[in-house]
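These numbers come from the heavy atoms of this one structure, side chains and all, not from hydrogens, waters or symmetry mates. Along the sequence shown, the residues carry numbers beginning at 1.
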Amino acid sequence: MGDAAGVGPEVVVRALAEPELRGLARPVVIGDAARLTRAAEICGIDVRVKPVSGPAEATEDPDTVEVLDLGGIPPDLPFGELSAVAGEGAYRYVAKAAELAMAGQVQAICTAPLNKAALHSAGHRYPGHTELLAELCGVPEVSMMLSTGTVRVIHVTTHIGLIDAIERIEPGLVERTVRRGHRTLVDSGVAAPRIAVCGINPHAGENGLFGHGEEEVKIEPALAACRADGIHAQGPLPADTVFFRAGRGDFDLVVAMYHDQGHGPVKILGLEAGVNITVGLPVIRTSVDHGTAFDIAGTGTAEAGSMLEALRQAAALAGTP
C-alpha cells in the first residue's frame, strides 16, 4: 500500500477498481484496511474493502478490495504529512510482501510509493524500495529498470550523489548491469535485445576531449566482455541523443550511468506511463514511477495510471494469462 500518508492508498483502490485488472491477476493488498476504506471514500469509489487472512483468499471481484490487514495506522493520521508511523507501516508491508513472494504464495510484488524520510524516521535506513527488497531477498546487487510504452532504461547507479556515482562506476558493475538488462528482456520475449549504453561525459567524452577518460576506463571493457558473449551492446553513446533514438525504435534498452541521466527522459514522457522494475531479485517486483505526492494526498485527485500499468506489467512478467 505504500506510505499511508501519501497517495498510495488512493492509487491502489483506483487501480483495483478497474475491471480489466481482474482478468490479469487476483490482487491482494498488504496494508491497512481502514486506510484503504478511507481512500475509497475520498476518491468516490464504491468498493468493499475486505480483510483476508492470506493471498489464497483473493478473488476476481472488481467490487471488492481484499487486504491482508497489518493495522498500525491511526484513524486520524493526517494525509500529506511526514510520519514515522506511516514509514514503519510501509516497511512492514514490503517485508510481508517479500516474505510471501519468497515462499511462493504470490507470483509478483507491486509497490505503491513510500517516503524515504518517513522510512528513515522509523529507523529503517534504506534509500528506497529497491535496496530494501534486495536485502529482504538476500541479493547483494540489483538494478532499477524504468519502462514506458516507448523506452526502457536500466541504471548502473541510482540513489547516490553524482560525484559518488561516477566514483562507483567500474567495468564490473557496468557489465553486470548490461547482462541483467539483457536477461530481463530475453525472459520477457525480446529474443535479441538491442542495448544502447550511455557515456558519462558530454558527447560520451568525445575521444577524451571531455572528462578524464572515464568512458575508456569504466565502460568500454564491460561492453567488450558483453559483446564477446553475443550481447548486442552499443556504446558508449552520447546521452543527449540516445533517448531520442530509443524512442524512435533503434534500441530495446538504454543503460544509464546515473539516476538523473535515466530518470529525466523517462519522466518527460509522463509519470502516468512509467513503471519501475527491480531487476536481479529472485521475485518479480514492479512499482509506480512517482513518489508519495504529499501535496495532493488525501484530495482524491491522484491519477492511478502508473499503478495500473505496474500491475499489468507485474502480471505479464509473472506469466499470468
Side-chain angles (χ1 to χ4, degrees), residues 2 11-12 15 18 20-21 24-25 27 101 107-113 128-131 133-134 142-159 176-198 231-235 237 239 242-291 303-320:
V11 299
V12 166
E18 293 292 331
E20 72 156 285
L21 181 63
L24 302 175
Q107 287 67 56
I109 299 169
C110 184
T111 56
H129 271 121
T130 303
E131 297 80 4
L133 279 162
V142 296
S143 297
M144 177 187 292
M145 179 184 289
L146 303 181
S147 176
T148 72
T150 55
V151 175
R152 301 182 191 93
V153 184
I154 192 169
H155 294 70
V156 175
T157 66
T158 50
H159 296 122
R176 294 191 298 273
T177 304
V178 173
R179 290 184 184 275
R180 277 192 286 269
H182 178 266
R183 172 51 52 191
T184 299
L185 265 61
V186 170
D187 289 346
S188 66
V190 182
R194 300 161 300 160
I195 301 173
V197 181
C198 292
I231 296 174
H232 184 77
Q234 185 176 341
L237 297 173
V242 73
F243 290 97
F244 167 76
R245 295 179 60 191
R248 74 182 182 189
D250 291 2
F251 303 109
D252 301 299
L253 177 67
V254 176
V255 179
M257 290 295 124
Y258 51 89
H259 184 281
D260 285 10
Q261 189 181 63
H263 276 62
V266 168
K267 293 190 175 183
I268 285 174
L269 294 173
L271 289 174
E272 73 282 353
V275 173
N276 182 342
I277 302 169
T278 304
V279 177
L281 292 173
V283 299
I284 293 166
R285 181 261 175 164
T286 66
S287 179
V288 296
D289 185 30
H290 60 73
E303 295 288 338
S306 183
M307 173 57 73
L308 188 56
E309 183 59 28
L311 286 161
R312 291 191 192 107
Q313 293 204 31
L317 288 167
T320 55

Exercise. Is there side-chain contact between V242 and Q234, with at least one heavy-atom pair below 4.5 Å?
Worked result: no

Exercise. Any side-chain heavy atom of E131 within less than 4.5 Å of one from T158?
Worked result: yes

Problem set entry | Gap separating the CD atom of E18 from the CG atom of L308, nearest 0.5 angstrom | 5.5 Å

For this session: Would you give the length of the straight line joining atom CD1 of I284 to atom OG1 of T184, rounded to the nearest 0.5 angstrom?
Result: 10.0 Å

For this session: Could you check I277 against L317 for side-chain contact (heavy atoms from CB on, under 4.5 Å), going step by step and ending with a plain yes or no?
Result: CA-CA 10 Å; I277 302 169; L317 288 167; 4.2 Å; yes

Problem set entry | Test item: R194 side-chain N/O and A246 main-chain N/O as donor-acceptor pair under 3.5 Å | no

For this session: Could you tell me whether the side chain of C198 reaches within less than 4.5 Å of the side chain of F243, counting heavy atoms only?
Result: yes

For this session: Decide yes or no for N276 and L146: does some side-chain heavy atom of the first lie under 4.5 Å from some side-chain heavy atom of the second?
Result: yes

Seminar exercise, completed: Those residues at least two apart in sequence (or on a different chain) that pass side chain to side chain contact (heavy atoms under 4.5 Å, CB included) with T177 are S143, I154, V156, L173, R180, V255

Problem set entry | Nearest atoms (heavy-atom pairs only) where A15 meets A304 | N-CB, 4.0 Å

Exercise. Can you check side-chain contact (heavy atoms from CB on, under 4.5 Å) on L133 and V142, steps first, answer last?
Worked result: CA-CA 9 Å; L133 279 162; V142 296; over 6 Å; no

Exercise. Looking at side-chain heavy atoms only, is the closest gap between C110 and Q313 below 4.5 Å?
Worked result: no

Problem set entry | Side-chain heavy-atom pair R312, V275 within 4.5 angstrom cut-off | no

Problem set entry | Step-by-step side-chain contact (heavy atoms from CB on, under 4.5 Å) determination, E309 to D289 | CA-CA 10 Å; E309 183 59 28; D289 185 30; over 6 Å; no

For this session: Take R285 and H129, measure what side-chain contact (heavy atoms from CB on, under 4.5 Å) needs, and give me the verdict at the end.
Result: CA-CA 10 Å; R285 181 261 175 164; H129 271 121; 3.1 Å; yes

For this session: State, with a plain yes or no, whether a side-chain heavy atom of M257 is found less than 4.5 Å away from one of V197.
Result: yes

Exercise. Between R176 and R179, is any pair of side-chain heavy atoms under 4.5 Å apart?
Worked result: no

Exercise. For H155, which residues count as a ring-ring contact (aromatic ring centres under 6.0 Å, His included) partner, sequence neighbours excluded?
Worked result: H263

For this session: Quick one: pull up CG in L253 and NE2 in H232 and give me the separation to the nearest 0.5 Å.
Result: 11.5 Å

